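All of these numbers come straight from a predicted model, not from anything done at the bench.
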Amino acid sequence: MKSVVNVKDIYGDISDKNRHIYLGDNGLHIRDIEIEANLPEPVEIGHVSDLHFNYCNQQDLDEAHPALMSTLENRKWLANAESVPTARRCLEFISDADLIVANGDTLDYLSHGAMEIMQREIWDRYPQAMASLASHDMTRKMQGKVIDPTPREEREKILQDFWPHNIVYASRILKNKVCCAVLLNDLRLLRESIYEPLKKDIEWARENGGVVLIFGHEGFCTRNPKESCLKKEDMLLAGDFAPTQEPYDFCHGGVGGYEADEATKKIYDLIVNSADVVRGVFAGHHHNHMYLEILGKTPDGQDRIIPQYVNTASAYDNGHVMRILVK
């Protein structure tokens, strides 16, 4: 990991790697996470989320899609690529990681301009990057007044043609020991097509003494009674906590919770019952830092915690990053 000097502790005991956040001399909010896995050599993953690239280029203006033009007129937050300098600062700081994950809402809304920025700032500069998709990435209507008649399937095809890996499920194995699985879980749902490749990756980890890390934009249900009523004071940084999310119930809500369909339940059960190799779940979406504990089990029925780390929007406060060190 890159060393940081002149740090300022802003939350938590420095000895608590799950909850400690500090300001680096570069102005970034940094959260260093360590996962013990008895590896022969460490693996580092850099995590950002909610970069919200917001821009319409000349191609967008020429096409003049009614829903997008209404969004351009009404969406003022981070307009005209305002988040790019902060995103660049975050990504540069984690540039030497073995893998970079941009965990959803990278595009503030679907436009040629936003994809152009993502191409330049992420795919071209960081070939080791992967990215999950979320609701912002898939919509042209963001505070606009015009509904987009384009079916979701067509919008997904636009994104899949642009994305360098599968948008529903993709995984990468680092140093023959750490499998990083990036999956689509917007609307708190999981696709049936995720199950078999994820199961295969979990089986690979068991057979090879490896571990699996799960990356998806929205947080997973924890089934943990301690997390049934999270309030502002339970957040690591509560300044931007959305009023509509207070209090938040991760015990019953989230991906795999009370809104889950059969496919989501099936995949959720695969994850939480593989706590022997699934060593961490990572999310964005909630615009706050959180540390949660999913109540999992090993295949032989032993209770085991799967830690869940939520990163706040990287576009805020001069930038937020998580650095994950698997040792």
Side-chain angles (χ1 to χ4, degrees), residues 1 17-18 32-47 97-104 128-132 164-185 190-224 254-256 263-283 291-311 322-327:
M1 287 188 177
K17 293 295 183 181
N18 292 321
D32 288 335
I33 295 162
E34 294 185 359
I35 297 174
E36 295 290 343
N38 297 318
L39 301 187
E41 57 178 324
V43 169
E44 183 180 351
I45 300 110
H47 183 280
D98 298 299
L99 173 68
I100 291 173
V101 178
N103 209 357
Q128 78 274 41
M130 300 178 76
S132 69
H165 59 73
N166 190 279
I167 62 172
V168 177
Y169 184 86
S171 63
R172 189 172 300 166
I173 295 173
L174 306 175
K175 298 184 180 179
N176 298 314
K177 287 296 180 184
V178 179
C179 177
C180 296
V182 176
L183 49 82
L184 172 63
N185 70 0
L190 297 164
R191 306 278 179 88
E192 174 68 34
S193 60
I194 291 172
Y195 183 82
E196 287 299 332
L198 176 58
K199 181 181 177 183
K200 183 178 179 181
D201 283 334
I202 287 171
E203 290 171 349
W204 169 87
R206 288 197 180 110
E207 292 169 1
N208 293 277
V211 299
V212 177
L213 304 181
I214 306 289
F215 296 86
H217 182 66
E218 297 193 22
F220 279 69
C221 175
T222 66
R223 298 180 181 173
N224 190 336
V255 179
T264 302
K265 290 177 183 176
K266 180 180 176 182
I267 297 162
Y268 177 84
D269 287 344
L270 172 64
I271 292 170
V272 299
N273 291 314
S274 300
D276 56 324
V277 293
V278 176
R279 297 297 180 85
V281 174
F282 300 86
Y291 170 70
L292 307 168
E293 293 185 336
I294 298 170
L295 302 186
K297 287 186 179 293
T298 62
D300 59 1
Q302 296 182 49
D303 294 331
R304 187 170 295 177
I305 294 296
I306 300 175
Q308 178 165 226
Y309 305 92
V310 180
N311 191 27
M322 289 198 300
R323 299 190 299 178
I324 306 153
L325 187 66
V326 190
K327 302 193 300 180

Quiz prompt | Side chain Gln308, main chain Thr222, donor-acceptor under 3.5 Å | solution = no
Quiz item: Could you state the interatomic distance from CD1 (Ile214) to CD1 (Ile202), rounded to the nearest 0.5 Å?
Solution: 6.0 Å
Self-check item: Ser274 (side chain) donor-acceptor with Val278 (main chain) under 3.5 angstrom
Solution: no
Quiz prompt | Shortest non-hydrogen separation from Gly280 to Ile306 and the atoms involved | solution = N-CG2, 4.1 Å
Quiz item: If only atom types and distance count, is the side chain of Arg279 paired as donor or acceptor with the main-chain N or O of Asp276 below 3.5 Å?
Solution: yes
Exercise. Salt-bridge test for Lys177 and Glu41: reply yes if a basic N is under 4.0 Å from a carboxylate O, no otherwise.
Key: no
Practice problem: Take Leu325 and Asp32 through the test side chain to side chain contact (heavy atoms under 4.5 Å, CB included) and record every step on the way to the result. | Solution: CA-CA 8 Å; Leu325 187 66; Asp32 288 335; over 6 Å; no
Self-check item: Asn224 side chain vs Glu293 backbone, donor-acceptor pair below 3.5 Å
Solution: yes
Practice problem: Find the distance between NE2 (His217) and CG (Leu184) and round it off to the nearest 0.5 Å. | Solution: 10.5 Å
Quiz prompt | Geometric class of the Phe282/Tyr309 ring pair [parallel <30°, tilted 30-60°, perpendicular >60°] | solution = parallel
Quiz item: For the side chain of Asn185 and the backbone of Glu218, is there at least one donor-acceptor N/O pair under 3.5 Å apart?
Solution: yes
Quiz item: Taking atom CD1 of Ile305 and atom CG of Leu295, what is their separation to the nearest 0.5 Å?
Solution: 5.0 Å
Quiz item: Does any N or O in the side chain of Asp98 come within less than 3.5 Å of the main-chain N or O of Glu44, such that one atom is a donor and the other an acceptor?
Solution: yes
Quiz prompt | Backbone N/O of Leu183 and side chain of Ser132: donor-acceptor pair under 3.5 Å | solution = no
Quiz item: How about Val168 and Ile194: do any of their side-chain heavy atoms sit closer than 4.5 Å?
Solution: yes
Quiz item: What are the two closest heavy atoms between Ile324 and Ile35, and how far apart are they?
Solution: CG2-CD1, 4.0 Å
Quiz item: What is the distance from atom OH of Tyr268 to atom CG of Asn273, rounded to the nearest 0.5 Å?
Solution: 9.0 Å
Quiz prompt | Under-4.0 Å salt bridge between Asp269 and Arg223 | solution = yes
Quiz item: Can you list the steps and then say if Asn208 with Ile173 is a side chain to side chain contact (heavy atoms under 4.5 Å, CB included)?
Solution: CA-CA 11 Å; Asn208 293 277; Ile173 295 173; over 6 Å; no
Quiz prompt | Minimum heavy-atom distance between Tyr291 and Pro307, given as atom pair plus value | solution = CE1-CB, 3.7 Å
Quiz prompt | Taking every non-hydrogen atom, the tightest pair across Asn176 and Trp204 | solution = O-CZ2, 3.5 Å
Exercise. Could you please spell out the steps behind the side chain to side chain contact (heavy atoms under 4.5 Å, CB included) verdict for Tyr169 and Ile267?
Key: CA-CA 12 Å; Tyr169 184 86; Ile267 297 162; over 6 Å; no
Quiz item: Quick one: does His165's side chain have a donor or acceptor within less than 3.5 Å of a partner on Ser171's backbone?
Solution: no
Quiz item: What distance do Glu196 atom CD and Asp201 atom CG have between them, rounded to the nearest 0.5 Å?
Solution: 11.5 Å
Exercise. Show your working on side chain to side chain contact (heavy atoms under 4.5 Å, CB included) between Lys327 and Leu39 and close with a plain yes or no.
Key: CA-CA 5 Å; Lys327 302 193 300 180; Leu39 301 187; over 6 Å; no
Quiz item: Taking all atoms of both residues into account, what is the closest heavy-atom pair of Ala205 and Val212, and its distance?
Solution: CB-CG2, 3.7 Å
Quiz item: Out of curiosity, Ile271 CD1 to Leu198 CG, how far, rounded to the nearest 0.5 Å?
Solution: 5.5 Å
Quiz item: Above 12 or not: heavy atoms from other molecules or residues under 6.0 Å from NZ of Lys175?
Solution: yes
Self-check item: Minimal non-hydrogen separation, Gln128 against Arg172, with atom names
Solution: O-NH1, 3.0 Å
